[in-house]
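For reference, the structure is listed below as structure tokens.
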Amino acid sequence: MSQRLFLAVGILYVVATLYLAMTIPISPHEAESLYLKESVDTFLMNLCYPYLEGFIAFRLPYYLFGVLNLFLFWELSRYYYKTSPERYIATTLFILLPGIVTSMILVNISVVVIAWVLIFLNAYHKNWLIVQSIALIVLLFVHDSAIVFFISLAIYGYFRDKKYLLVVASFLVGMALWMGEYLEIGGLPRGHFATIFGLYAAIFSPFVFVYFCYTLYRLYYEKKHDIVWYIASMGLLFSFLLSIRQQVIVTEFSPYILIGSIFLYRVYSESLKVRLKIYQTAYKKVFLFTLATLLLGTMSIFLHRPLFWLFKDKSRHFAYAIYEPYWVAQKLKAQNIHCYDTKFIKKAAQLQYYEIPPCTSHN
């Protein structure tokens, strides 16, 4: 991949995601964070909300974190790829993941967590202890499930004889437990494994996720697992184990797992080099097919509005919960109606954003 093509893709990507962040109506999660509860999301959403107009007002901090992640991932790729073309491809694959695209255009704590994990990893490779410490402390207070990240670092420190990292990570695990920031485990086994697998398939795209799992296994088998491998694989393992007993919130684990996408092109390119040319053609076709499914999933996000025309029942569209309150608000205002009752709390919060309060309080 040439530098010119990479820059063209990057510029188009930044512009397209900015357009979506400015035009997509407020989501149920965003409305809940803005009006119904206090969280890190609430704090970040209100940084620019009083000073700007439109949907970008509460999404701008998250969008900027998303742009920062592109540069941080590129910097991290220097430690995994020898040539610039390889780094261009690896970074392009990262930004095209549906989970990364979504984190840039909607309020999602994952984009903040990914940024600080990438800051930590870059600082770790550069041996910047102060920056590492700052990143770990921020994650402790920003993400309730950062204990998964700390446990991964502790395990890595133990098996790789990184005593300093083992001690610090173990201390942070204790701090997270003391602060009450841990994953709730309980209830009877209910078998949510298929659900969590489907969510990861949506975040990565189905065939990319299958290949991603293969890359983690391949690196373990070849004993090439490093700190990023431990973070991604432990996050994936914990989420699968918990899904056997309870429903898992995917944003608790996905930020740490998505970082592992840095291995996708590396494993492919290394496998391609050791194969005879007669076998490379089939391997390339599989790669191109997997890439095509990734592009299809990503384009469905960028072109999600036209996709509504394909559904007679629009409620089957994946973005229906975002757009339906917006359509209701527009219809009510056109009819000069200024209130609306609904039994759904999040939908009521979305309508509140459009200045449509419940009729009970309106009267």
Side-chain angles (χ1 to χ4, degrees), residues 8-33 54-56 58-60 62-63 66-67 69-70 92-108 110-111 194-212 249-251 254 258 261 288-334 340 342 344 346-347 349-351 353-354 356:
V9 171
I11 293 172
L12 179 62
Y13 180 85
V14 170
V15 172
T17 50
L18 178 59
Y19 173 77
L20 291 179
M22 294 174 65
T23 57
I24 294 179
I26 189 169
S27 71
H29 170 74
E30 291 171 329
E32 180 186 31
S33 299
F55 303 118
I56 193 63
F58 54 81
R59 291 175 181 154
L60 183 58
Y62 294 86
Y63 178 78
V67 174
N69 287 342
L70 308 186
T92 301
L93 290 175
F94 172 71
I95 67 176
L96 289 179
L97 293 176
I100 298 300
V101 176
T102 304
S103 70
M104 287 193 65
I105 61 180
L106 297 175
V107 169
N108 193 324
S110 295
V111 72
T195 302
I196 191 69
F197 190 92
L199 290 172
Y200 285 136
I203 290 173
F204 282 87
S205 87
F207 291 100
V208 173
F209 180 63
V210 171
Y211 187 74
F212 173 76
I249 301 175
V250 71
T251 53
S254 59
L258 283 166
S261 62
L288 291 175
F289 171 78
T290 305
L291 180 61
T293 61
L294 171 61
L295 291 174
L296 183 63
T298 303
M299 292 306 297
S300 69
I301 298 175
F302 286 111
L303 301 176
H304 68 278
R305 283 195 184 91
L307 292 179
F308 272 108
W309 294 100
L310 300 179
F311 296 91
K312 291 184 178 179
D313 180 6
K314 290 183 171 28
S315 63
R316 298 177 60 187
H317 192 287
F318 63 87
Y320 180 76
I322 296 176
Y323 281 88
E324 194 263 343
Y326 174 76
W327 293 332
V328 169
Q330 297 300 311
K331 183 177 180 180
L332 291 173
K333 290 180 179 179
Y340 185 85
T342 175
F344 301 105
K346 293 183 180 180
K347 181 178 178 180
Q350 289 172 277
L351 290 170
Y353 177 83
Y354 304 119
I356 304 291

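This structure is a prediction, so every number in the text was calculated from the model and none was measured.
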- prompt: Are the aromatic rings of Phe209 and Phe197 close, with centres under 6.0 Å apart?
  reply: yes
Ala16 versus Phe302, closest heavy-atom pair with distance: CB-CE2, 3.6 Å
field: ring pair (Phe, Tyr, Trp, His ring centres under 6.0 Å), paired with Phe212, selected from Phe207, Phe204, Phe94
entry: Phe204
- prompt: Taking all non-hydrogen atoms of both residues, which atom of Leu291 and which atom of Leu93 are closest, and how far apart?
  reply: CD1-CD2, 3.7 Å
Leu18 side, atom CG; Arg59 side, atom CZ - distance, nearest 0.5 Å: 11.5 Å
message: Given 3.5 Å as the limit, does a donor-acceptor pair link the side chain of Ser33 with the main chain of Glu30, or not?
response: no
task: Write down the atom of Thr17, the atom of Met104, and the distance for their closest heavy-atom approach.
output: OG1-CE, 3.7 Å
- request: Look at the side chain of Tyr13 and the backbone N and O of Ile95, then say whether any donor-acceptor pair between them is shorter than 3.5 Å.
  value: yes
message: If you define the side chain from C-beta out and look only at heavy atoms, does anything of Phe55 sit under 4.5 Å from Val107?
response: no
task: Answer yes or no: does atom CZ of Phe344 have more than 12 heavy-atom neighbours from other residues, nucleotides or ligands under 6.0 Å?
output: no
Side-chain heavy atoms of Val328 within contact of Thr342, under 4.5 Å: no
message: Quick check against the 3.5 Å criterion: does Thr102 have a side-chain atom that pairs as donor or acceptor with the backbone of Gly99?
response: no
query: Of the non-hydrogen atoms in Pro325 and Leu351, which two are nearest, and what is the gap between them?
result: O-CD2, 3.4 Å
- request: Taking the side chain as every heavy atom from C-beta outward, state whether Leu106 and Leu20 have any atom pair closer than 4.5 Å.
  value: no
task: Could you tell me whether Lys331 atom NZ has more than 12 heavy atoms of other residues or ligands within 6.0 Å of it?
output: no
message: Going by side chain to side chain donor-acceptor pair (under 3.5 Å), name the residues that satisfy it together with Lys346, two or more places apart in sequence or in a different chain.
response: none
message: Filter on side-chain hydrogen bond (donor to acceptor under 3.5 Å, both in side chains), then keep only pairs touching residues 318-329, sequence neighbours left out; what's left?
response: His304-Tyr323, Arg305-Tyr323, Glu324-Lys347
message: As a quick check of understanding, evaluate side chain to side chain contact (heavy atoms under 4.5 Å, CB included) for Leu310 and His317, giving each step before the final call.
response: CA-CA 9 Å; Leu310 300 179; His317 192 287; over 6 Å; no
- line: Separation between CG (Leu97) and CD1 (Ile203), nearest 0.5 Å, reads 9.5 Å
query: Ring centroid separation for Phe58 and Tyr353, is it under 6.0 angstrom?
result: yes
message: Going by side chain to side chain donor-acceptor pair (under 3.5 Å), name the residues that satisfy it together with Asn108, two or more places apart in sequence or in a different chain.
response: Ser110
- prompt: Where is the tightest heavy-atom contact between Gln350 and Ile322, given as atom of each residue plus distance?
  reply: NE2-O, 3.8 Å
- request: Could you tell me which non-hydrogen atom of Leu307 sits nearest to which non-hydrogen atom of Phe318, and how far apart they are?
  value: CD1-CE2, 4.4 Å
query: Does the Ser103 side chain pair with the main chain of Ile100, one donor and one acceptor, at a distance under 3.5 Å?
result: yes
field: More than 12 heavy atoms from other groups under 6.0 Å of OH on Tyr19
entry: no
